[in-house]
Amino acid sequence: MNAVLQTHHHYAAEFERNVAELPGAGADWLAELRRGAIDRFAAHGFPGPRDENWKYTRTAPIERRNFTCRSAAGEPLGVDQIQDVLLPNAYQLVFVNGVYRAELSNVSDMPAGVTLSSLAAVLQASPATLEGLLNRHVDQDRHPFAALNTAFVGEGAFIALAANTMLERPIQLLFVTTAAQDGHAAHPRVVVSAGDNSEATLVETHVGLGEAVSFTNLLTEVTLGRNAGLEYYRLQEESVKAFHISAVHVSQEADSRFVSTAISLGAVLSRHDIDVRLAVRGAQCSLNGLYMAAGRQHVDTHTRIDHMAPHCSSSEFYKGVLDGHGRGVFNGKVMVHPHAIKTDARQQNQNLLLSLDAEADTKPELEIYNDDVKCAHGATVGQLDADAVFYLRSRGLDETASRGLLTYAFAAEIINAIKLDAVREHLRAVVLARLPEGEHIKELV
Amino acid sequence: MSDMLSIKNLHANVDGKPILKGINLEIKAGEVHAIMGPNGSGKSTLANVLAGREGYDVTDGTVTFQGKNLLEMEPEERARAGVFLAFQYPVEIPGVSNVYLLKAAVNAARKHRGLPELDAMDFLTLVREKMQLVKMDEQFLYRAVNEGFSGGEKKRNEILQMALLEPALGVLDETDSGLDIDALKIVSDGVNALRGKDRAFVLVTHYQRLLNYVVPDYVHVLANGQIVKSGDRGLALELEKKGYGWIEGATARA
Ligand SMILES: Nc1ncnc2c1ncn2[C@@H]1O[C@H](COP(=O)(O)OP(=O)(O)OP(=O)(O)O)[C@@H](O)[C@H]1O
Ligand SMILES: [Mg+2]
């Protein structure tokens, strides 16, 4: 009990220590937002096992560590160190240990109608721009880490697309955690506001360089105007000691399209929440993902889709590969509200266990409050097909390669569906590198 | 002729249950042996034991392949050494394309023989030639292994693999079952094209019709885990007319 109270004191104290220096501290609405958030977090505390949304994921290891909420700043880092993860032909904002680094970023040749800038810079220079946008659809009671993020909101990215803007090149937000971030927390915020009929591709990449026991608590907010489309990729490749909590909250107007691919490969403990509000008729979302855990990794995905209007559709397809003592959690909640007739909601989650000690917990949750809907869901947890392994071996492939090939084939269903070539190829290489005999299998897929 | 396969007093259990109860079989290079017998008599079990499938426990006896103890070898080692099993029920493998499996299989065998691996171009030339033999369209190369293939297509795919791998010993487990006459001819042509003095085949079949196209040197009847009768081609014709009931020890199961 005392420990818990102390932790709340810890983050409340961290808040008091830092609040005056947060960007835009002079804006009253922002100060209120932040203070309300830390009060809320202090009152609720870290989610515990009694919280249904956190039943399988213990946050105590994060809580216990009392992370410093000020980033390890000024880490020297050259472009050459991030070359591998920089997407070619993309606009880039690069963050090192949560802090924006202009010299590593690339925002030249930005077409008219597009704003892409450091959130801290906007909050500093013209906080009013974000009034009403920040936390627009974030339910802090449901998401304690969103409250914590809001308390420290400052660093991050602001992306705004004017109506009818088609951005052809992708935007990449690259978050790099270095060894210097050990013991530190970062609370980056990404705000995306896409005007009517606009279209863009956003890639959020999280990588760890060097092993740090760090804590990332990211919150991405997306508002899609009428008939707007966003292709969203999130690649989480933190180092294996990192704690990574992230969420994306999406609100969609009529006929808008949100297509998400979330890949979780790193961190000792990671949690990704996707909350989508299909608020107006004809909105569509497609949430796809791949998570892999080995060693002692724990990876948790919680999606929630609110069908709030007629003729909206949602589809979800997630796959998990769990090895060693790795554990995967998938919870897919779909809420079909009373007015949301002609809803089409599909959900699939498939898990592959590669070892006896690996574990997968999967739970579809459907709450449907009208009769005129089409909903389908399925969840599986299984092992490699022994007949298939034998078939490959009987053709001369050794056992390790056979198992690796079948594992890759399982994951490839998600990877191959990725439209962005560079992301797909990168992922292919990263996933293969994790498999035994990956070098050999590479030639077979 | 040299010894290809020598099976002596082979006993094997599946799930603790004795299925093979003392099989003896001598196969020399150049020979074709047909194995017939009632459902559940152990034909596929024998084929799987030869291929090294897990869960098939040999409790007694020996199997010697080209002078080596076959039972000590891993399934992939057997394959590379030249044992090929055409499955009664070929497995569908979503996500693994046929062409890659074929190439991996061919190169694993070549490596074992000390030959250089084939590059993509040479392999494609080779596979196209073999596909003509089994009258398979090139699109099958790029589809996932057996996924959505019809029964006949799966069997032809097995023969294609065999044609590419050129095994010393081919064990065909009911490759002819369920095939129409055209497909049966294709499969038979595939086997006949490979027949030669350095190879041997075991054809597991229920139908003597196959044996009109691939003429065997010997026909054996496997019943209740033992070979209860051996003869020449005439035996197959007799079995077709009279069934298995007249053979001592042959008990057809439902
Ligand atoms: N994996 C298995 N688990 C349990 N029992 C098995 C297994 N495989 C085979 N058997 C049993 O072993 C016996 C022999 O089966 P097998 O498949 O070898 O027969 P078969 O001669 O090939 O029959 P068919 O002509 O129907 O193909 C049967 O009683 C079968 O039920
Ligand atoms: Mg059989």
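A, B, ... follow the sequence lines: proteins, then strands. Residue 1 opens every chain.
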Separation between CD1 (B/I93) and CG (A/L406), nearest 0.5 Å, reads 6.0 Å
Within the supplied structure, the quantity of interest is the number of heavy atoms (other residues, nucleotides, ligands) at a distance under 6.0 Å from B/K68 NZ; does it exceed 12? yes
Inter-chain contacts: residues 132-147 of chain B against chain A, heavy atoms under 4.5 Å: B/V145, B/N146
Where do A/D385 and B/V91 come nearest, in terms of heavy atoms and distance? OD2-CG1, 4.1 Å
Tightest non-hydrogen contact, residues A/A409 and B/P94, listed as CB-O, 3.6 Å
Tell me, out of B/Q161, B/R53, B/R80, who's got the most heavy-atom pairs with chain A below 4.5 Å. B/R53
Could you look at A/N416 and say if it's the side chain, the backbone, both or neither that has a heavy atom under 4.5 Å from chain B? neither
Might you work through the side chain to side chain contact (heavy atoms under 4.5 Å, CB included) test for A/F390 and B/N48, ending with a clear yes or no? CA-CA 10 Å; A/F390 178 64; B/N48 280 309; 4.0 Å; yes
Applying a strict 4.5 Å limit to non-hydrogen atoms, the region of A/A388 in contact with chain B is both
Heavy atoms of other groups near A/E425 CD, more than 12 under 6.0 Å: yes
Less than 4.5 Å apart, any side-chain heavy atom of B/Y89 and any of A/D387? no
Considering heavy atoms only, which positions within residues 394-405 of chain A lie below 4.5 Å of chain B? A/S394, A/R395, A/G396, A/L397, A/D398, A/E399, A/L405
Less than 4.5 Å to any heavy atom of chain A: does that hold for the side chain of B/A104, its backbone, both, or neither? both
